[in-house]
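In what follows, a structure is listed as structure tokens, so that the remarks can point back to it.
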Number of protein chains: 2
Amino acid sequence: MARLAGVSRATVSYVLNNTSAVRISEPTRRRVHEAAKELGYVPHAAARSLRAGHSRMVLMPAPTFPVGPLYGQFLSDLQVALGRLDYTVVQYGGAGPYGDEAARAWAELRPVAVLVPGAGLGPKGVTVLKRSGARAVVTLGPESVEGAHALLMDHEAVGHCAGSHLYDRGRRRIGVLVPEEDGLESFSTPRLAGVRHALHGTDATVTALPLGYEEEAAARLAARWRELGLDAVFAYNDEYAMLLMRALHDEGVRIPEDAAVIGADDLMLGRLLRPRLSTVHIELPSGRDLAELVDHAVRDPGAAPETHKVLGATVVHRDSS
Amino acid sequence: MARLAGVSRATVSYVLNNTSAVRISEPTRRRVHEAAKELGYVPHAAARSLRAGHSRMVLMPAPTFPVGPLYGQFLSDLQVALGRLDYTVVQYGGAGPYGDEAARAWAELRPVAVLVPGAGLGPKGVTVLKRSGARAVVTLGPESVEGAHALLMDHEAVGHCAGSHLYDRGRRRIGVLVPEEDGLESFSTPRLAGVRHALHGTDATVTALPLGYEEEAAARLAARWRELGLDAVFAYNDEYAMLLMRALHDEGVRIPEDAAVIGADDLMLGRLLRPRLSTVHIELPSGRDLAELVDHAVRDPGAAPETHKVLGATVVHRDSS
DNA sequence: TTGAAAGCGGTACCAA
DNA sequence: TTGGTACCGCTTTCAA
């Protein structure tokens, strides 16, 4: 590159970065640019950040749970927002080691910030990341981790909402669907706990109902519905709610008369069901807000890690409850 | 690191990489490992690949279109499969420049392979990537690109399937839903074309029906349904099909008597609708197969780029058509 | 068995 | 206005 333009590497660097502290003559600039174009020259990010001692890479390990439309949109917004702040967002992929082990692998990339969805990162992992130069570690999940900023997604609140709602509607024997799908435990467990919590000390009962996401499983559950003696169910989310509603309907169980049903996530499909599905609307932080939080943390790494509750849960009452 | 262990950097490298060409004494190994643990030492990936002249990073630009459950699962499988082959998968994020411009940014990371979903990469982009050391460039999208391997996702086939099916069922005045949602044109256009193609030369008519993904829009469309005089509709996918079915039902249009409906993607929700939704089942390549294709291409970069058709479309006939 | 040193591709200081 | 050079952290000869 430098050779083709007949100048030094330093000059190339100056020209291509428009270094303001140094003035390069117009003819030289042209020669450099031409050579660059001709060679299809592309700077080497690794070399650059090695020299600089830092990068603007934000690392986000891929979620280990199935991502629904709600969370998917959130992640996508977040990526765009970080991009606007001139960060390079890198989703680090798929399988491999878990938790603190994985943190080592992430640290090898020397990201300026790490954004960890879900649980599974411990304080040791945070330490590894910080020692390797990460200026901000942010977890978005059910619990906060020592040393890291936390966006607390409190799924108990979702269950609590649903439970209170059903109780207020006069229901007392309440079932809670618990998906058997892998990776969902960290959501379903707190949601169930939230219902229990909401109804604690009342005369209502709470029954956990494990369910796989298949028609047959739902049919089996519906078949023994009457013997369960329930009068309401929180269906984990809108998709499971739809599955269950269909099975209950085929079984002749009337909704909401015989059984009230409430879902969660407030998806479009809930509005399209008949009866229209009551649901817990979940409000996630905006991608922009989170991006700004990351940016602040990066600029001021000394600041004490903050913990924010960021999951707003509100009931949307429709016709199924 | 080297200092703490009281050995040279070279020795550290030997020990940590288990270099087989060199034998290091047991005591020294221990000292190195202890020092590494104590310092929380993590090797610097950038430095390593700078020195090595290559990496095992597979770069995948984030899709620019909304990712549904089908494609999402595919991507997730792919990441896992590549991980098993010891590649580091990096999803490069969100917004920023498009197409050949973006290729420059990707090339800065010097990935060993690049996997581009959707359209938007041109031959120039491929050249940039290859010149920067990418040993494989694979596009997965509607068309193949000079110089790159291609996994052709032929969405015309989806429309073709749907169109033929409706025709075979005796329908002649066929509507095709075209989503107004951003980023879906590259799917909806070929699907519409596929229907046209299937019915070309017959006595059937094809009517494009633009539709936003909202209840009101669907209601408006349903309100003028009778004047449209259609007897069937290909609803783009199962979610749009559900939206439309609901609106038609509310309008008193009977399915399938007055209007046959077929969706696409073969989602669970189609089976839960009443009438059960006919749909076009789309078969994507397995993540493992694609990962192996990438691996082969990386090992033998000389091989001529291959083009595979990888989108199997078959009708699943249920009750709505 | 270990260490010294070169070099990967950039950036930034200092000298010319 | 430019070039020489040191250095970022690591791997890999070559010598000791």
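In what follows, chains are A, B, ... by sequence order, proteins preceding strands, each numbered from 1. Everything numeric here is computed off the predicted structure, so don't read it as measured data.
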Any side-chain heavy atom of [X] sitting closer than 4.5 Å to one from [Y]?
X: B/Asp289; Y: B/Val310; answer: no
X: B/Arg104; Y: A/Pro43; answer: yes
X: B/Arg288; Y: B/Leu85; answer: no
X: B/Glu306; Y: B/Leu293; answer: no
X: A/Leu75; Y: A/Pro63; answer: yes

Does [X] reach a base, just sugar-phosphate, or nothing at all? Heavy atoms under 4.0 Å.
X: A/Val42; answer: sugar-phosphate
X: A/Val22; answer: base
X: A/Thr28; answer: sugar-phosphate

(request) Using the ring pair (Phe, Tyr, Trp, His ring centres under 6.0 Å) rule, pick out the option among B/Phe65, B/Phe187, B/Tyr71 that qualifies with B/His155. (result) B/Phe187
(request) Output yes when at least one side-chain N/O atom of B/Thr11 is less than 4.0 Å from OP1 or OP2 of C/dT2, else no. (result) no
(request) Using only side-chain N and O atoms of B/Ser25, determine if any of them is under 4.0 Å from OP1 or OP2 of C/dT2. (result) yes
(request) Map A/Tyr41 and B/Glu26 onto DNA chain C by nearest heavy atom, then report which one ends up closer to the 5' terminus. (result) B/Glu26
Atom pairs under 3.5 Å: protein N/O with N/O of nucleotides 5-8 of chain C:
{"residue": "C/dG7", "atom": "N2", "partner": "B/Arg51", "partner atom": "NH1", "Å": "3.3"}
{"residue": "C/dC8", "atom": "O2", "partner": "B/Arg51", "partner atom": "N", "Å": "3.3"}

(request) Give a yes or no on whether B/Glu185 atom CD has more than 12 heavy-atom contacts from other residues, nucleotides or ligands under 6.0 Å away. (result) yes
(message) Taking CZ in B/Arg84 as the centre, count heavy atoms belonging to other residues, nucleotides or ligands within less than 6.0 Å. Is the count above 12?
(response) no
(message) Rounded to whole Å, please give me the gap between OH in B/Tyr14 and P in C/dA4.
(response) 12 Å
(request) Check the distance between C/dT11's C1' and A/Asn18's CG and give it to me in whole angstrom. (result) 15 Å
(request) Going by the side chain to side chain contact (heavy atoms under 4.5 Å, CB included) test, name the single residue among B/Ile24, B/Thr28, B/Asn17, B/Val7 that passes it with B/Val12. (result) B/Val7
(request) Output the single nucleotide from C/dG10, C/dT2, C/dG3 whose closest atom is nearest the side chain of B/Arg110. (result) C/dG10
(request) Could you list where the contact with chain A starts and ends along DNA chain D, reading 5' to 3', using a 4.0 Å heavy-atom cut-off? (result) D/dT1 to D/dG9
